[in-house]
Q: 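Below are the structure tokens for one structure; questions will follow.
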Amino acid sequence: MPELPEVETARAAIEAAGLHREIADVDDTDTFECRPHAPGDLKAALVGRTLTAAHRRGKSMWCDTSGDGPALGIHLGMSGRVFITDPGGRLTIGGDYGGPRPETQPDRDVWYRFSLYFADGGSLRLRDKRRLGRVRLDPDLGDLGPDAELVGREEFRARVGRGTAPLKARIMDQSVLAGVGNLLADETLWRAGLSPLRPAGELRVDELDHLRRELRGAIRHAVKHGGVHTGEVVPHRRAGDHCPRCGGEMVRATVGGRTTWWCSAEQTLP
DNA sequence: CCATATGTTAAAAG
DNA sequence: ACTTTTAACATATG
């Protein structure tokens, strides 16, 4: 689920409820989630410290730690969610902050791939069903482009408006822009009325500026309403469905390696 | 059993 | 050398 809006919600949750609590124990035994660290590496680095700030760029989060400790990097992957409990063990924030449908299956302990246990009795845990998320010390964010919500007009033009790759692949390339995932890309291109298949380098400047505006609008809407699945066109990404604006047929193809849906009437090639 | 899934990335291809 | 595409990753669900 997590794209930029969901990650921002998780970051805000950590900022609101996870900072300045002494870390008493750490479960870092999931060697895939914590790769390339060995079990115990994160524990040794974090016990006795507190998280002091929560940051985000695109879909990547990291927390500063006290006493000049290493940063704690968290990536939610395809299915990660952050859960934070109070000293009484009650869920205070996080968890069910997004998703296309409510959970029907009972919670399973094995889905919790990484945990901080605070000295006050509460915890901060990462639940990740698909296990494609990751936790690491001092994450390298050097290959990430600017955050998709913060990128300026000139930089957006220069970064997005080049290359022969299809436009959708371009805006989902995390080294070009950080934060756009599959659903946010479809939503943004639909709002902008642009075909996902357009070669990125062939966009006009006015089209790029409009795209950036719609991207920011889509992000703001998703953050405010609880996730990318609250987008206008996202619920219509289904066979036989129609564009909620014009009634045109929604069409599907694989673009940039991902299932892509767009309006056959409005998002056409020039 | 089959298809699909909100992400990343190494490897292959161009 | 740089850009683009594909496959694999680990797991759940309809």
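Throughout, a chain's letter reflects where its sequence line sits, starting with A, and its residues are numbered from 1.
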Q: What is the distance from OH of A/Y112 to C1' of C/dA10, rounded to the nearest Å?
A: 19 Å
Q: When you get a sec, tell me which of C/dA12, B/dA5, B/dT8 is the closest nucleotide to the side chain of A/H75?
A: B/dT8
Q: In the strands shown, is C/dA10 matched to any nucleotide by a Watson-Crick or G-U wobble pair with both distances under 3.5 Å, and which?
A: none
Q: Count I, L, V, M, F, W, Y as connected when their side-chain heavy atoms are under 4.5 Å apart, and connections chain through other members. Are A/L141 and A/M172 then in the same cluster?
A: no
Q: Side chains of A/D27 and A/Y112 only: does a donor on one sit below 3.5 Å from an acceptor on the other?
A: no
Q: Taking atom P in both B/dA3 and C/dA7, compute the distance separating them and give it to the nearest angstrom.
A: 15 Å
Q: Atom CG of A/D109 to atom P of C/dT11: distance rounded to whole Å?
A: 15 Å
Q: So, A/T92 and A/D86: side-chain donor and acceptor under 3.5 Å apart, yes or no?
A: no
Q: Compare side-chain N and O positions of A/W111 against OP1 and OP2 of C/dA12 and report whether any pair is under 4.0 Å apart.
A: yes
Q: How about A/D30 and A/V135: do any of their side-chain heavy atoms sit closer than 4.5 Å?
A: no
Q: Do we see a donor-acceptor contact under 3.5 Å between the side chains of A/R125 and A/S115?
A: yes
Q: Measure CZ/A/R252 against P/B/dA3 and give the value in whole Å, please.
A: 11 Å
Q: May I have the distance from A/D107 (atom CG) to C/dT13 (atom C1'), rounded to whole angstrom?
A: 16 Å
Q: Expressed as a whole number of angstroms, how long is the span from A/R81:CZ to B/dA5:P?
A: 18 Å
Q: Once you round it to whole Å, what is the distance between P of C/dA10 and CG of A/D30?
A: 11 Å
Q: Could you give the CE-to-P distance, from A/M78 to C/dT13, as a whole number of Å?
A: 14 Å
Q: Calculate the interatomic distance between A/L126 atom CG and C/dT11 atom P; express it in whole Å.
A: 14 Å
Q: Can you tell me if A/K59 touches the phosphate of B/dG7, counting only side-chain N or O atoms and a distance under 4.0 Å to OP1 or OP2?
A: yes
Q: Which whole number of Å gives the distance between the P atom of B/dA11 and that of C/dA10?
A: 15 Å
Q: Tell me, for nucleotides 4-9 of chain C in 5' to 3' order, what letter each nucleotide earns: B for a base near a protein heavy atom under 4.0 Å, S for only sugar-phosphate near one, - for neither?
A: SS---B
Q: Assess the side chains of A/T52 and A/S66: does a donor N or O sit below 3.5 Å from an acceptor N or O?
A: no
Q: Go through C/dA10, C/dT13, B/dG7 for me and flag the one nearest to the A/R131 side chain.
A: C/dA10
Q: Would you say the side-chain atoms of A/D28 and A/H37 include a donor-acceptor pair closer than 3.5 Å?
A: no
